[in-house]
Amino acid sequence: MDAHEIRTAFLRHLEASGHVAIRPAPLVPADTSTLFTGSGMQALLPYLLGEPHPDGVRLTDSQPCVRAQDIEDVGDNRHTTFFEMLGNWSLGDYFKEHQIRQFFTFLVDVVGLDPARLSVSCFIGDASRGIPRDDEAASIWQAVFAERGIDAEVVAIGSQADGDARGVRPGEHVFFYDGGENWWSRGGSLEATPIGDPCGPDSEVFYDFGPEHHDPSFGKAHPASDSGQFMEIGNQVFMQYRRLADGSFEPLARRNVDFGGGLERIAAAAIHSSDVFRISLLWPIVEKLQELTGKRYEDETTAMRIVVDHLRGATFLAVDGVRPSNKEQGYVMRRLVRRAIRFALALGLHEDFLGEVVPVIADLYADDYPSVQERRSEVIDVLQKEERAFRRTLAAGIAAVGAFQGRTMTGRDVFLLSDTNGFPKELSVEEAARVGVDLDPGWEADFEAALEAQRARSRAATRLGAAGLPGGSAPGS
């Protein structure tokens, strides 16, 4: 199955069991506490906290997401800043048994994954907080594996570091990890769970691409490692506790399920490729880059992955009305476009090329996201304007960094390139590394100091202007 077929099949699979397919949320959320929608559950948080949903207690969708914090990780075989999250929710309805079975059935019977290549993780418990090990989830997993003829052994790992030291052994499919891996709360950990909030254990599902994909620099292979052998393809959060004022946890009367599965990662597992960039939603963009550059993906893997991911993300941001700027969402969009252009330059693309790549992206999503196709010309225009502006900045910035050959670049130097030439600090750092220019060890602190000094000057100028002194106009003038 390709990614489009998987997305469609997932929604139909859930609708067949009484779930209502809801519209995905915009990439720019109404909640200003976050820049982007970064998960399927983000827009559903009020309903997970107890508010009744107008469409009932069983919901499903496919949610486009942006995680700007992953931008530095793009270039490996699995990270993307833009992705789709397949989701389903039970709001006080079914719980672990139904959820585990319906996802397992989807992966094995609908997508066609080999169950012998699946492994799962569960919460190991925390005796100090009175939270038992999630033996219920582990037992259900053992049962569904057994029904497919697999004797799934259970093993207690502990932390990710424990897994790095121990690794996996033949026959093991169910792994217990600590709260660092298998506990969900809005605070991100057991300790940081907000008072009064629902929270609980989660159970993640991994696909095993085989030991030939393991990178031993990560330690021994195990599901929670990023070594390349295992890839997480779905996570089921079981909200069954509430944190009390004294720091303890009590069972919830109304329990919820929050499931999220990465469409791109499931699609990669479906073709048994540990490289998500080879799936149907990404590979045609790679092929276009190969055509434009005359270079092979196998020889320019990292650069092509960055260009493909960043332009797909920027396209969807433009569709949702984001425009390149130096603030908030616009800053992230500008950074995506400019990083894509910078790495395209390394591929030999010295001329404007976005007008040829963005239509490929629009065509890939035309059937599932009509707004991408409807705003195609507008999106191309927005991105081409940014491309033309940045190419002028890029040429000057690259030359300026290159002039530091044989010298050490300080934080103030990086700041001046950003402030005077409009060359972002991230690109200064990347270019310095590329051409072998040394950065002063304290460059970041010096950069921040120079930035704060500029802000102080700006604040002073504003005060002077308000007082009618040189630097601005007096009130009412």
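We count residues from 1, following the sequence as given.
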Would you check if the distance from the ring center of [X] to the ring center of [Y] is below 6.0 Å?
X	Y	value
Trp283	Tyr297	yes
Phe175	Phe206	no
Tyr207	Phe230	no
His19	Tyr94	yes

Donor-acceptor pair, distance only, cut-off 3.5 Å: does the side chain of [X] make one with the backbone of [Y]?
X	Y	result
Gln142	Ala152	yes
Glu172	Arg169	yes
His79	Val74	no
Ser139	Asp135	yes
Asp202	Gln236	no
Ser273	Ala269	no
Ser203	Cys122	no
Gln42	Gly38	yes
Glu448	Ala445	no
Gln63	Ala25	yes

Heavy atoms only: give me the nearest [X]-[Y] pair and the separation to one decimal.
X	Y	answer
Phe209	Ala268	CE2-O, 4.1 Å
Cys65	Met85	SG-CB, 4.0 Å
Leu354	Pro359	O-CD, 4.0 Å

Quiz item: Can you name the side-chain contact (heavy atoms from CB on, under 4.5 Å) partners of Ser371, sequence neighbours left out?
Solution: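 Counting only residues at least two positions away or on another chain, Ser371 forms a side-chain contact (heavy atoms from CB on, under 4.5 Å) with Val319, Glu374.
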Quiz item: In terms of heavy-atom contacts, does NZ of Lys220 have more than 12 from other residues, nucleotides or ligands at under 6.0 Å?
Solution: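 Count not over threshold, so no.
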Quiz item: Near Arg12 CZ, under 6.0 Å, is it more than 12 heavy atoms from other residues, nucleotides or ligands?
Solution: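 Counting other residues, nucleotides and ligands, CZ of Arg12 stays at 12 neighbours or fewer.
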Quiz item: When you measure from the centre of the six-membered ring of Phe95, is the NZ or CZ of Arg255 under 6.0 Å away and within 45° of the axis?
Solution: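 Pair Arg255/Phe95 counts as cation-pi.
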Quiz item: Any cation-pi pair here, Arg133 with Phe123, using under 6.0 Å and within 45°?
Solution: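 No - Arg133 does not lie over the ring of Phe123 by the 6.0 Å and 45° rule.
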Exercise. Over 60° means perpendicular and under 30° means parallel, so classify the ring planes of Trp141 and Phe145, tilted if in between.
Key: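 The rings of Phe145 and Trp141 sit tilted, inter-plane angle from 30° to 60°.
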Exercise. Using the six-membered ring wherever Trp is involved, compare the ring planes of Phe106 and Phe10 and label them parallel, tilted or perpendicular (cut-offs 30° and 60°).
Key: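 Answer is perpendicular, since the angle exceeds 60°.
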I need the [X] [atom1] to [Y] [atom2] distance, nearest 0.5 Å.
X	Y	atom1	atom2	answer
Arg7	Asp367	CZ	CG	9.5 Å
Phe259	Asn235	CZ	CG	8.5 Å
Arg129	Thr193	CZ	OG1	8.0 Å
Tyr365	Thr315	OH	OG1	9.5 Å
Ile124	Tyr177	CD1	OH	10.0 Å

Side-chain heavy-atom pair [X], [Y] within 4.5 angstrom cut-off:
X	Y	result
Pro198	Asn256	no
Leu317	Phe36	yes
Asp197	Arg242	no
Ile233	Leu107	yes
Glu426	Arg335	yes
Leu59	Leu44	yes

Any luck finding a side-chain donor-acceptor pair between [X] and [Y] under 3.5 Å?
X	Y	value
Asp164	His222	yes
Lys96	Gln240	yes
Asp208	Gln229	yes
Asp178	Ser159	no
Thr81	Asp309	yes

Self-check item: Matching residue for Glu430 among Arg339, Arg338, Arg342 - test: salt bridge (Lys or Arg N to Asp or Glu O under 4.0 Å)
Solution: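 Only match with Glu430 under salt bridge (Lys or Arg N to Asp or Glu O under 4.0 Å): Arg339.
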Quiz item: Which one of Arg78, Arg305, His213 satisfies the side-chain hydrogen bond (donor to acceptor under 3.5 Å, both in side chains) criterion with Asp275?
Solution: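 Result for side-chain hydrogen bond (donor to acceptor under 3.5 Å, both in side chains) with Asp275: Arg305.
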Practice problem: Give the C-alpha distance, both sets of side-chain angles, the deciding distance and a yes or no for side-chain contact (heavy atoms from CB on, under 4.5 Å) between Val155 and Phe176. | Solution: CA-CA 6 Å; Val155 59; Phe176 282 111; over 6 Å; no
